[in-house]
Amino acid sequence: MAENVTEKQIKTIELPGSLTVRELADLLEASPIQIIKTLMSNGVMANINQQIDFDTAAIVAAELGFEASMQQLDQLETQDTGEVPLWRQLIASEDKQNLKPRPPVVTILGHVDHGKTTLLDAIRQTSVVSQEAGGITQHIGAYQATHKDRLITFLDTPGHAAFTAMRSRGAQGADVVVLVVAADDGVMPQTKEALAHARAARVPMVVAMTKIDRPNANPERVKQQLAESGLVPDDWDGDTIVVPVSAKERTGLQDLLEAIQLVADNTEILANPDGDIFGTVIEAERDPSRGVIATLLVQNGTLKVGEIVVVGTAYGRLRAMFDFSGQKLEQAGPSTPISVLGLNDVPAAGEPFRTVETEREARALVSERSEKEKQEKGQASGSLTLEGMFAAFQAGKVRELRLVVKADVQGSLEPIVSSLGDMKADDKVGQIGVHILHTGTGNISESDVALAAASKAIVLGFNVEADAAVMRQAEAEGVSIRLYDIIYRMTEDVEKALKGMLEPELKERLLGKAVVQQVFKISRFGKIAGCRVTEGELRRNALVRIVRDDKVIFDGELTSLKHEKDDVKEVREGFECGINLKEFNDFKEGDIIQCYVRELVAVQ
């Protein structure tokens, strides 16, 4: 008899992130009435068509003798542990006999005003397949050109911000990057940032040297600057193709397309047009008359009208598809940019999409993702801190410490880079090295944080600052910023991180103080505190404390700051300003307002 009791095992079942009471009854092979009674006994009132979440369904399943686990529906949600984007890994896992060449996908990056848009327009006018516009006529952020009867897909995105957004989600879609450098200006700070993004993504590059028609153009100086940045031109016995181009004169455009195809031919650019359908969102918006319009780049398979697409926490059956010129399409193969209608919400740029068989599966998948987002809210987005770096290495998640380094002047930057670049640490698992993704002078910028987020890097600053907006972005993206004023403390911390010894330290820095002199009531905003800054400065998006009778009565974010009638970023000592806080409006005359920021600093 004892053996019979042992043999009676709890049955296991997989449940989606959410489902209706009726669907749960079907899966548990029970009557809907029985499910409703069990829910009621657990304090949940639900009808037969009501959606319940996984946790609630698991409790019901347990009472009926089942052990529930959540369905893992989405392989595109799997963590990408390597340098190769996950979608490329998925294509590589396809049967090689089914893989076929696809058009290369090209992103154009470079410094502002160096002619990216003009170059794209020139290529579009001379090389884009001629088609009459119809249907949707809005700009969809991507188009296809033809060279020697072969297609090239261009992502017409606004600089490296969109490129980074795609990379940060492990979905970087470009096969080739064209780095635009003006022949009269040369390599500029933003050029170096774009170069750092392309290198971090490990995407091959072609340099387009624009504006060669200018009288002050100096191609040899530009080539020298490129060589100093690690891009040695091919005519200097290097491996970087540099193509002189004048969009204005329409010269060099065919040479550039030839160079793109040459670089693409040296890279395996393949996909399975009959395989699983997935790709990446290029951009999306909500149109008042048409609803959500999303630009998608198909990376594998062939997407058709009527397919059910899931992207992030949005889904929908595709009602219509259009190519870059507005022509209606019934289907789109790999490397094809398309504009689609039918999603129920606006997805983020860089989000991967896939197709599913039924709307029920789409709802379950979206619900699963929403549950994950709730669980992960408040946690770091996956970027590493110095403190967690060694543990991540031991777990096999990282093989190098990636850094973005900023300093006040070039004279400080060079010895820092030299010291950090030589650092290594050995462990029984292997060796950890330092990889400096990007260096520059000046304060830490939002672009630095974006690069660090996309590359899982840490930002180090020497004698520089990060303003409140940058710190907020870093916190949201899970990026660690560490500020120093002594070089050896920076190098010591990195060395400690490599050896797994570093302890975190978070410090506050007071920016300024103000006194509430008068309180105004405005119907739209509630109470406004009229203040005078008595010390330092107040900054919008920094943190503030309200102190009354030596007691802190509020601690939160300074969301609105006005000087006279204008919205301003900061107000300095001696000036008056108006303050409005979303979460507090019980101001009184005489209240002290302390404005401060929190910063990660080196251990003393």
Side-chain angles (χ1 to χ4, degrees), residues 378 406-409 441-449 459 461-477 479-486 504-602 604:
K406 298 296 288 286
D408 52 348
V409 292
T441 56
N443 287 337
I444 293 165
S445 67
E446 293 180 12
S447 177
D448 297 325
V449 173
V459 182
F462 175 74
N463 277 348
V464 295
E465 294 182 351
D467 65 26
V470 170
M471 295 301 288
R472 283 182 65 222
Q473 181 190 357
E475 187 176 348
E477 305 243 21
V479 172
S480 176
I481 296 177
R482 302 188 79 98
L483 303 174
Y484 301 84
D485 54 12
I486 299 174
E505 189 173 41
L506 191 66
K507 283 192 174 180
E508 285 183 8
R509 181 163 64 89
L510 185 68
L511 297 176
K513 294 181 182 178
V515 178
V516 177
Q517 295 182 317
Q518 201 171 352
V519 180
F520 306 94
K521 261 192 175 180
I522 299 177
S523 56
R524 272 175 58 204
F525 300 106
K527 286 185 180 179
I528 305 291
C531 306
R532 185 174 186 83
V533 182
T534 57
E535 182 183 322
E537 65 182 22
L538 300 191
R539 284 188 199 165
R540 193 175 70 215
N541 298 327
L543 298 169
V544 290
R545 285 193 195 91
I546 311 296
V547 180
R548 183 181 301 160
D549 299 328
D550 296 326
K551 290 181 182 178
V552 176
I553 60 171
F554 173 77
D555 196 336
E557 189 180 342
L558 177 53
T559 51
S560 174
L561 185 63
K562 289 181 179 287
H563 176 60
E564 294 178 350
K565 293 185 178 180
D566 298 324
D567 285 309
V568 292
K569 289 185 177 179
E570 60 185 42
V571 178
R572 297 184 180 277
E573 183 178 340
F575 289 91
E576 294 182 343
C577 60
I579 290 174
N580 177 239
L581 303 174
K582 281 184 182 175
E583 299 168 0
F584 180 86
N585 67 359
D586 186 25
F587 294 107
K588 288 186 179 177
E589 290 180 19
D591 285 349
I592 304 295
I593 296 176
Q594 298 175 350
C595 184
Y596 68 98
V597 291
R598 291 194 184 104
E599 297 172 337
L600 276 170
V601 296
Q604 300 298 318

query = Quick one: are I579 and I528 in side-chain contact, heavy atoms under 4.5 Å?
reply = no
request  = Keeping to residues at least two apart or across chains, list the side-chain hydrogen bond (donor to acceptor under 3.5 Å, both in side chains) pairs with something in residues 526-537.
outcome  = E537-R539, E537-R572
ask   = Do E475 and R598 meet the salt-bridge criterion of a basic N to acidic O distance under 4.0 Å?
value = no
remark   = Distance col, row Q518:CD vs E589:CD, nearest 0.5 angstrom, shows 6.5 Å
request  = Indicate yes or no: at least one non-hydrogen side-chain atom of L483 is less than 4.5 angstrom from one of R509.
outcome  = no
ask   = What's the spacing between Q594 CD and L511 CG if we round to 0.5 Å?
value = 11.5 Å
request  = Answer yes or no: is there a side-chain heavy-atom contact under 4.5 Å between E570 and D467?
outcome  = no
key: Other residues, nucleotides, ligands: >12 heavy atoms within 6.0 Å of D549 CG   = no
query = Hey, does I481 have a side-chain heavy atom less than 4.5 Å from the side chain of V470?
reply = yes
message = Does any part of the side chain of N541, heavy atoms only, come nearer than 4.5 Å to the side chain of T559, both counted from C-beta?
response = no
ask   = Which is it for K588 and I553 under the side chain to side chain contact (heavy atoms under 4.5 Å, CB included) test, yes or no, and what are the steps along the way?
value = CA-CA 11 Å; K588 288 186 179 177; I553 60 171; over 6 Å; no
task = Report the distance from atom CZ of F587 to atom CD of Q517, rounding to the nearest 0.5 Å.
result = 14.0 Å
note = Only residue of D448, T441, N463 satisfying side-chain hydrogen bond (donor to acceptor under 3.5 Å, both in side chains) with K406 is D448
query = What residue among I592, V552, L510 forms side-chain contact (heavy atoms from CB on, under 4.5 Å) with R545?
reply = V552
query = Which heavy atom in A474 sits nearest to a heavy atom in V449, and how many Å separate them?
reply = CA-CG1, 3.7 Å
message = For K562, I'd like to know if atom NZ has over 12 heavy atoms of other residues, nucleotides or ligands within 6.0 Å.
response = yes
inquiry  = Tell me if a side-chain donor or acceptor on N443 pairs with a main-chain N or O of E465 at a distance below 3.5 Å.
reply    = yes
key: L581 to E557 - nearest heavy-atom pair and separation   = CD2-O, 3.5 Å
task = Return the set of residues passing ring-ring contact (aromatic ring centres under 6.0 Å, His included) with F554 (not counting sequence neighbours), or none when no residue passes.
result = F584
query = Got V568 and C577 here, is their nearest side-chain heavy-atom distance under 4.5 Å?
reply = no
query = What's the shortest heavy-atom distance between L538 and C595, and which atoms?
reply = CD2-CB, 3.5 Å
ask   = Of all heavy-atom pairs between V597 and A542, which one has the smallest distance, and what is that distance?
value = CG1-CB, 4.2 Å
inquiry  = Are V519 and D591 packed together at the side-chain level, in the sense that at least one heavy-atom pair is separated by less than 4.5 angstrom?
reply    = no
